[in-house]
Amino acid sequence: MSACVPAHADSARTEHVHPPHSPPPRGPRRFRVAGADVSASIAVFLIALPLSLGIALATGAPLQAGLVAAAVGGIVAGRLGGCPLQVSGPAAGLTVVTADLIQQYGWRTTCAITVLAGIAQLGLGCLRVARSALAVSPAIVHGMLAGIGVTIAVAQLHIVLGGTPQSSVPDNLVALPAQLANLRPADLAVSALTLSLLSLWPRLPGRAGQLLGKLPAALIAVAGATAVAAVAGLRLPKVDLPSWSSHALATLPEGPVLGLVAAVLTTTLVCSVQSLLGAVAVDKLVAARPGLTGRVKRSDLDRELLGQGAANIVSGSLGGLPIAGVAVRSTANVAAGAVSRNSTMLHGGLVVIAALLLVPALELIPLASLAALVMAVGLKMISLNHIRTVTRHREVLVYAVTTAGVVFLGVLEGVALGIAVAVGVALHRLTRTRITHDETEGVHHVHVRGQLTFLAVPRLSRVLHQVPHGADAVVELDGSFMDHAAFETLQDWQKTHTAHGGTVDVTGRRPGTRISEPADTDNCRCRPWTPWRNHQCERPPTAPPTGAARPDSAGDTDAVTGASGRTDLAGRAAQADVAGPGRTEGTDGPGGGRELARGISAFQRNTAPLMRGELARLAREGQQPSQLFLTCADSRVVTSMITSSGPGDLFVVRNVGNLVPLPGEEGGDDSVAAAIEYAVEVLKVRSITVCGHSGCGAMQALLSAEPGGVQTPLRRWLRHGLPSLSRVPGGAGADGADGADGYTDAGPRLAGRPAADTAEQLSLVNVVQQLEHLRAHESVSRALRAGDLELHGMYFHVGEAQAYLLAEDDGGAVFRRVLETDVTV
C-alpha cells in the first residue's frame with residue numbers, strides 16, 4: 001500500500017484524494033482583466049464613438065449602423081481574431097465602397113452584401129491564403145487608400161459648407177462653386193472649430209498639455225464643437241438616432257447577379273487587405289513596446305481573416321456597416337498600454353452601453369462637426385510619406401493610376417487598374433535592358449543594365465561582336481537575372497574571344513550565375529566578409545604562370561571562373577603571386593600579399609562597381625559621420641557589419657581594450673583625446689558609443705597581470721583599465737566601495753543571464769567606466785550640457801553574434817539584447 005495514502009481511508013474519502021505528487025485541483029478559472037486593458041479600452045472607446053458616427057454619416061447609412069459595427073468589431077473580431085491588439089470596426093477605407101453599395105442597392109441589400117463578404121472571408125481563412133493577400137504591391141494599397149481619402153474629403157466638404165454631397169467626385173467638384181456661393185455660416189463655423197481643436201489639441205504646451213493630451217483629440221473636437229453650438233443656440237442639422245425598434249436589418253439581396261458578385265468581391269478585398277495590413281502594422285507597434293513582445297503573440301493572419309469574416313456576418317445581420325481593422329484605433333490601443341484582446345472587447349461593450357444609454361447626448365452632435373472630423377481622417381489617408389516611398393522605389397505611376405482610378409471610377413476598378421499597371425511596370429523592368437560599348441585606355445567596356453533575357457540576346461550579340469579580336473574586354477553586368485539563352489550567348493562569345501588571344505573580365509551582380517567552372521573552385525563557399533584565412537575553400541598550393549591557359553573540366557580553355565564571378569583576367573591576378581619589381585618580400589605565406597591581392601581583386605570586381613557612386617559623393621562632400629564608435633582593436637569586431645553601417649556613417653577609433661584615458665593624466669594618450677575632440681568639435685557627431693566585447697584579450701591581461709614586472713608598452717597602456725578592474729569583485733584594488741556613479745560592486749549586468757566569468761564582468765564594467773572617462777573630456781562635457789551629444793554603451797558577444805545596449809533600470813545598469821524586432825518607425 002502506498003505510503004502516500006492513509007491506511008484506513010474509506011472509499012468516500014479516497015475519492016477526493018488527488019494523485020500523489022500532483023498539485024491540488026483548482027477551482028473554476030476566474031475571468032480577470034488587467035488594469036492596463038481597462039484604461040486602454042476607455043481610450044479607444046472615446047476615439048471610436050465619434051468616428052463611428054462620422055463614417056456612418058459619410059456612407060449615407062443609418063447612424064446607428066456605425067455604432068453596431070463598432071460594437072461587433074470590438075467584441076466578435078476582438079475575441080475571434082488573430083491579432084490580439086488590433087481594433088476592428090467601421091473603417092474610413094470602406095466608406096466609398098459602402099456609399100456606392102447603398103446608392104445602388106439600398107441599405108438592407110448592402111447589409112446582405114456585408115454578410116456574404118463575411119462568408120467569403122471565412123472561406124479564404126479556411127483556405128489559409130491570408131499571406132498571399134500581402135503580395136499586393138504596397139503602391140496599390142497606398143494608392144487605394146489615397147483615392148478613398150480624396151473621395152471622402154471632397155464629399156464631406158459639402159456637409160462642412162452646409163450642403164449635401166453628390167454621388168461621385170466629379171459631381172462633387174462640379175457642384176462645389178454653387179455650394180461655396182450658398183454656404184451656411186453656422187455649419188462652417190462649427191466645422192472650423194472642430195478642425196481647429198483636432199489640430200491644436202495634441203500640441204498644447206507645458207505640463208498641462210501633457211496631461212490634457214491624453215484625451216483623444218477626436219472626442220475633444222466633437223465635444224467642444226457640440227458644446228459651443230448648444231451654448232450659442234445655433235440651428236444646425238444634428239445626429240438623429242431613431243428608435244432601435246425601427247432599426248433596419250439585412251434582407252435577401254436584390255439586383256443583378258453579376259453586380260452583386262462584384263460588390264461582394266470588392267467588399268471582401270478591401271476588408272481583408274486593410275485588416276491584414278493592419279495586423280502586420282500592429283505587430284511592429286507591439287515589437288517596439290518594451291516588455292510587451294513576450295506577452296503578446298504575433299498575429300495569426302489566417303485566424304484574423306476568420307475573425308473578420310465572423311464579425312462581418314454578425315454586423316451585416318444586425319444592420320451594421322462592413323468591418324475591418326482600423327489603424328487609428330489600433331495604434332491608440334497599443335499606445336494606451338493594452339496587453340491582451342480584453343481591451344478591444346471591453347471597448348465594444350462600452351460602445352453598446354453608449355448606444356443604449358447616451359442617445360440624448362449623441363443627438364446633440366452637429367452633423368457638420370462629424371463631417372469635419374471624417375474629412376480630416378480622409379485627408380490623413382493621403383500620406384506624404386507613402387508618396388515619398390513609392391517615388392523612391394519608382395512605383396509612383398502605379399500609385400497615381402490607382403488613386404485616379406479609385407477617385408473617378410471606383411474602388412474595384414481603381415485597384416484593377418493599379419494591378420494591371422504594376423504588372424506592366426514589372427514586365428517593362430524585366431525586358432528593358434540597356435547595352436552600351438565604349439573603349440577606355442585600350443580596354444573595351446560592355447555595360448549591361450537590366451535583366452538579360454532572350455529578348456536582349458540580339459542586342460547583346462551585336463554589341464559583343466563590336467569588340468575587336470585579341471582586345472582586353474570587361475563585361476559589366478548590372479542586373480540580377482540571366483536566362484539560359486543569354487548565358488550561352490555570353491559563354492560562347494567569351495570562349496571565342498579568348499581563343500583569339502583576348503581577355504575577358506565579367507563583373508557585376510550575378511548571384512548564382514556561373515559562366516564557367518574551374519576545377520579548383522568546385523566546392524568554394526566563400527563569403528564576402530571572409531577573404532583571408534577564414535575561407536571555407538581549398539586553393540591549389542601553386543598557381544599556373546600568368547597568361548597560361550588552364551583546361552577546365554570540359555577540356556576547354558578557362559575563360560571565366562565561377563561562384564564569385566572571377567574571370568580569367570581577374571582570376572589570374574588573384575591566384576598568382578604578386579610579381580614584378582614592386583613585389584613585397586614574404587607575400588607567398590599565409591595572410592601575405594596573395595591574400596591581400598585576392599581581397600583587393602574581389603573588392604574591385606564585386607563591390608567597387610556598386611559603391612563607386614556613393615564614394616564619389618562622399619569624396620565631393622566630405623565625411624559627415626553621425627557617431628563616434630570607440631571599440632577594441634580585436635579583429636573579430638567588425639564595426640560596419642554589426643551596426644549595418646556604410647561609408648561615411650561611423651568615425652571609428654580602435655585600441656586595445658576600448659580604453660579612454662582620462663584627460664590631463666600624466667603619460668596619457670593624446671591620440672584618443674585628439675580623435676574625441678575632432679569628432680565632437682569638428683565633425684559634430686551626435687553620439688559616442690563605447691563598445692566592449694566577449695573574449696577580450698585586454699581584459700584577460702588585466703585580470704592576469706601581476707604587480708611589478710617590466711613596464712612594456714602594452715602594460716603601460718593597460719593601466720588605463722585599472723579603474724575598471726578595481727570595480728570588479730575580486731579584481732585588483734577592489735575595496736568594496738561603490739563607484740562614482742552609484743553602481744555597487746555587482747556592477748552592470750546582462751539582461752536575462754549572469755556574466756559567464758570574471759572576464760565578461762570586467763568587459764561590462766569597463767564599458768561603463770570608459771563612459772565616465774568620456775564625460776571628463778571638456779569637449780564631450782560641453783556638448784552633453786548643450787544637449788548636442790548622447791553617450792551609449794554597447795557589448796558585443798562574438799560567439800552569439802548578439803549585441804547588447806546599456807540601459808538603466810531599478811537595479812542599476814543593465815545591458816539588454818538588441819533583437820531583430822527592436823526597430824521603431
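Quick caveat: nothing in here was measured; it's all calculated off a predicted structure.
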Would you compute the distance between atom [atom1] of [X] and atom [atom2] of [Y] and round it to the nearest 0.5 angstrom?
X: M794; Y: T643; atom1: CE; atom2: OG1; result: 7.0 Å
X: I387; Y: R392; atom1: CD1; atom2: CZ; result: 13.0 Å
X: R617; Y: E614; atom1: CZ; atom2: CD; result: 4.0 Å
X: E395; Y: T402; atom1: CD; atom2: OG1; result: 10.0 Å
X: L269; Y: Q274; atom1: CG; atom2: CD; result: 11.0 Å
X: L452; Y: L490; atom1: CG; atom2: CG; result: 7.5 Å

H797 and Y804: CA distance, side-chain angles, deciding distance, side chain to side chain contact (heavy atoms under 4.5 Å, CB included) verdict: CA-CA 8 Å; H797 195 287; Y804 297 78; 4.2 Å; yes

Heavy-atom closest pair, residues [X] and [Y]:
X: A675; Y: V653; answer: CB-CG2, 3.5 Å
X: T403; Y: G143; answer: OG1-O, 3.2 Å
X: L276; Y: A130; answer: CD1-O, 3.4 Å
X: C271; Y: L94; answer: SG-CD2, 3.5 Å
X: G470; Y: H497; answer: N-CE1, 4.0 Å
X: A91; Y: V326; answer: CB-CG2, 4.1 Å

Do any N or O atoms from the side chain of [X] and from the backbone of [Y] form a donor-acceptor pair under 3.5 angstrom?
X: D492; Y: T489; result: no
X: H484; Y: F454; result: no
X: T631; Y: C691; result: yes
X: T498; Y: K495; result: yes
X: Q86; Y: A279; result: yes
X: W493; Y: S461; result: no

Residues T433, Q451; criterion side-chain hydrogen bond (donor to acceptor under 3.5 Å, both in side chains); working and verdict: CA-CA 6 Å; T433 306; Q451 317 311 317; over 6 Å; no

Are the side chains of [Y] and [X] in contact, using a 4.5 Å heavy-atom criterion?
X: F651; Y: Y678; result: yes
X: I688; Y: Q627; result: no
X: Q623; Y: L683; result: yes
X: V443; Y: V474; result: yes
X: L417; Y: L409; result: yes
X: H142; Y: S383; result: no
X: V475; Y: H445; result: no
X: T389; Y: H393; result: yes

Would you say [Y] and [X] are linked by a side-chain donor-acceptor pair, where the criterion is simply a distance under 3.5 Å?
X: E304; Y: S275; value: no
X: D483; Y: T453; value: no
X: H444; Y: H437; value: yes

Near [X] [atom1], under 6.0 Å, is it more than 12 heavy atoms from other residues, nucleotides or ligands?
X: R459; atom1: CZ; answer: yes
X: R686; atom1: CZ; answer: no
X: R654; atom1: CZ; answer: yes

From CA spacing to verdict: side chain to side chain contact (heavy atoms under 4.5 Å, CB included), I435, V446: CA-CA 7 Å; I435 306 175; V446 177; 4.2 Å; yes

Candidate pair V506 and Q494, rule side chain to side chain contact (heavy atoms under 4.5 Å, CB included), full reasoning: CA-CA 10 Å; V506 180; Q494 284 181 323; 2.6 Å; yes

Side chain to side chain contact (heavy atoms under 4.5 Å, CB included) between T689 and L630, intermediate numbers included: CA-CA 6 Å; T689 301; L630 198 152; over 6 Å; no

Parallel, tilted or perpendicular: ring planes of H469 versus H500, cut at 30 and 60 degrees: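 Taking H500 first and then H469, their aromatic rings lie parallel (interplane angle under 30°).
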
